[in-house]
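Positions are given from 1 along the sequence. Note that ligands are numbered from 1 as they come in the structure, with each ligand's atoms numbered from 1 the same way.
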Amino acid sequence: MAEVVLTNVTKIYPGNVKAVDNISLTIQDREFVVLVGPSGCGKSTTLRMVAGLEDISDGEIRIGERVVNGVAPKDRDIAMVFQNYALYPHMTVYKNMAFGLLLRRRYGAWDNPLGFLFAHGLWRKARAERQEIDRRVHEAADILGITPLLNRRPKALSGGQRQRVAVGRAIVRNPKAFLFDEPLSNLDAKLRIGMRAEIKRLHRRVQTTTIYVTHDQEEAMTLGDRVVVMKDGLIQQCDTPYEVYERPTNRFVAGFVGTPPMNFFEGRLLQEGDRLVFDEGDNRLTVSPRHRAVLAGHVGRTLTLGVRPEMLHPTGEARTDSALRVQVSVVEPLGDRTDVYAGTPRHPHIVCRVDSQTRVPENSAAVLAVDMERVHFFEAGENGRNLTRG
Ligand code: ADP
């Protein structure tokens with residue numbers, strides 16, 4: 001096990017495509033870090049540079065004590081699990097899991113009992129090595145619950161079972177770090193959630209340093225000790241899932257994390273007597289005392305107000321100081337909760353999450369109270385900085 005440290009790492013592909021732009025990141029020993037972001041943000045390239053499958057254009061990558069910039073992938077002591085599993089179709093599950101270790105044997109040449117004729121000591125060492133491989137394969141199979149499948153070939157396995165074998169192959173190596181590249185993307189939704197929990201349990205058990213790439217923010221949030229949100233080859237935020245959700249650094253992160261996504265309102269910040277108000281266009285919302293000091297310098301400016309769906313509450317009262325008058329279009333009951341789609345003339349796509357007992361009729365006018373204590377204010381623009389992060 002080991003720490004993985006990226007220092008000012010840049011990757012420029014031919015054609016001057018800057019896929020990764022001067023990123024620095026320390027993944028601590030035993031930590032589970034998830035790289036997440038939209039397609040093309042540079043997360044796979046980052047992982048592949050750690051694996052040694054892509055050269056680094058600039059910067060340094062260290063695994064444990066060793067700078068690995070010039071080290072071949074096979075010598076980096078890492079194990080990678082790919083999206084397509086990359087199992088050998090003609091080998092049994094056992095062979096698939098053992099294969100990497102068999103290739104690395106030191107006494108492999110003496111594995112044949114006839115070796116005894118030449119060098120009894122070497123043959124004994126080879127046998128001990130083989131027994132150790134067998135022990136590791138059975139242990140990994142036991143951890144993953146695939147012992148009954150050891151004699152099958154991949155084509156006789158379901159997607160989830162293949163995924164387990166691919167993970168098993170990584171475990172037996174007992175590497176310094178696991179690298180996962182979208183390992184669950186090929187599974188159906190239900191299986192994905194099941195495998196997600198398994199990967200988490202597995203990490204709790206083996207505690208190997210893990211870097212995991214996904215485009216699925218929910219997967220990132222549920223798996224990571226820390227989540228690294230990337231965009232355009234840059235790290236936008238690297239924090240615990242809680243921090244990323246509750247204290248996003250900018251509008252991009254705020255909108256990327258959470259389902260349904262955060263609602264954004266463009267508007268102006270105004271001073272009205274001793275109150276600060278946010279003018280949404282058709283509604284005026286009073287800024288909570290909590291945010292007043294930090295926003296005082298922004299009066300007169302256009303800002304973006306960010307409100308998560310669960311911070312909006314349908315209310316009977318037409319409260320004017322922190323409520324939006326909306327027209328409800330669609331109501332989606334999801335069983336344990338209900339998503340209500342609504343809009344104001346200026347902001348036609350608002351989503352509000354309510355508990356399943358709350359009845360909101362479609363095609364009706366409603367008033368949504370805004371929990372102004374918990375909202376965020378961002379500078380204008382797609383990547384606007386969160387002014388109220390604290
Ligand atoms: P992600 O994994 O976040 O979807 P990638 O790391 O695969 O993103 O790609 C980052 C950027 O680098 C993208 O713009 C992509 O088109 C580009 N890219 C990836 N691989 C290559 C390559 N081999 N040659 C040129 N450009 C590439």
Side-chain angles (χ1 to χ4, degrees), residues 4-27 31-63 68-70 72-73 76 78-86 163 166-167 170 177-187 189 192 195-196 199 209-239 241 244 248-259 261 382-383:
V4 178
V5 183
L6 287 76
T7 311
N8 302 120
V9 171
T10 294
K11 174 69 185 181
I12 302 172
Y13 283 112
N16 211 17
V17 180
K18 198 180 255 187
V20 174
D21 190 358
N22 194 25
I23 66 169
S24 294
L25 175 67
T26 298
I27 297 115
E31 197 179 17
F32 196 125
V33 164
V34 182
L35 309 183
V36 66
S39 180
C41 71
K43 52 195 187 299
S44 299
T45 300
T46 304
L47 192 77
R48 291 169 63 80
M49 286 192 288
V50 175
L53 302 173
E54 295 288 352
D55 292 334
I56 304 167
S57 308
D58 202 1
E60 182 186 282
I61 296 182
R62 185 162 62 73
I63 300 175
V68 294
N69 286 27
R76 292 193 180 197
I78 44 107
M80 190 149 172
V81 179
F82 297 93
Q83 179 178 351
N84 61 8
Y85 321 135
Q163 185 55 64
V167 173
F178 287 143
L179 308 181
F180 287 93
D181 191 2
E182 304 250 8
L184 306 184
S185 303
N186 287 348
L187 304 178
R192 222 165 37 225
M195 281 304 289
R196 199 160 81 190
I199 288 177
T209 311
T210 301
I211 311 179
Y212 187 107
V213 161
T214 178
H215 63 275
D216 178 343
Q217 56 89 24
E218 196 174 296
E219 203 168 293
M221 299 290 276
T222 51
L223 279 173
D225 294 324
R226 279 188 306 155
V227 174
V228 179
V229 183
M230 294 183 68
K231 178 177 183 250
D232 299 335
L234 297 166
I235 293 177
Q236 305 288 319
Q237 185 164 2
C238 172
D239 254 320
V244 167
T249 47
N250 61 31
R251 176 180 166 165
F252 171 76
V253 174
F256 186 75
V257 169
T259 7
E382 243 179 80
N383 284 343

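Ser44 OG, 2.6 Å is the protein heavy atom nearest to atom 2 (O) of ligand 1. Considering only non-hydrogen protein atoms, atom 27 (C) of ligand 1 sits nearest to Tyr13 CD1, 3.2 Å. Nearest protein neighbour of atom 4 (O) of ligand 1, counting heavy atoms only, is Gly40 N, 2.7 Å.
The atoms of ligand 1 that sit less than 4.0 Å from any heavy atom of Pro38 are 3 (O). Interface of Cys41 with ligand 1, defined as ligand atoms under 4.0 Å from a residue heavy atom, comprises 1 (P), 3 (O), 8 (O). With ligand atoms numbered from 1 in the order given, ligand 1 contributes 1 (P), 3 (O), 6 (O), 8 (O), 10 (C) to contacts under 4.0 Å with heavy atoms of Gly42.
Thr259 and Gln217 share a side-chain donor-acceptor pair at under 3.5 Å.
A salt bridge links Arg226 with Glu31; the closest basic N to acidic carboxylate O contact falls under 4.0 Å. The pair Glu382-Lys231 counts as a salt bridge, with a side-chain nitrogen and a carboxylate oxygen less than 4.0 angstrom apart.
Looking at ligand 1, you won't find any N or O of Val17 less than 3.5 Å from one of its N or O atoms. Here's the thing with Lys43: one of its N/O atoms is less than 3.5 angstrom from an N/O atom of ligand 1.
Remark: atom 15 (C) of ligand 1 lies closer than 4.0 Å to no protein heavy atom.
Note on ligand 1: Gly37 sits outside its first shell, no heavy atom being nearer than 4.0 Å. For the ligand labelled ligand 1, residue Gly15 lies outside the 4.0 Å heavy-atom shell.
The shortest side-chain heavy-atom distance between Leu6 and Met49 does not fall under the 4.5 Å cut-off.
Below 30°, between 30° and 60°, or above 60°: for Tyr212 and Phe32 the angle between ring planes is between 30° and 60°, a tilted geometry. Under the 30°/60° scheme for interplanar angles, the aromatic rings of Phe180 and Phe178 are found to stand perpendicular.
Here the CD1 atom belonging to Ile211 is positioned 3.5 Å from the CD1 atom belonging to Ile27, to the nearest 0.5 angstrom.
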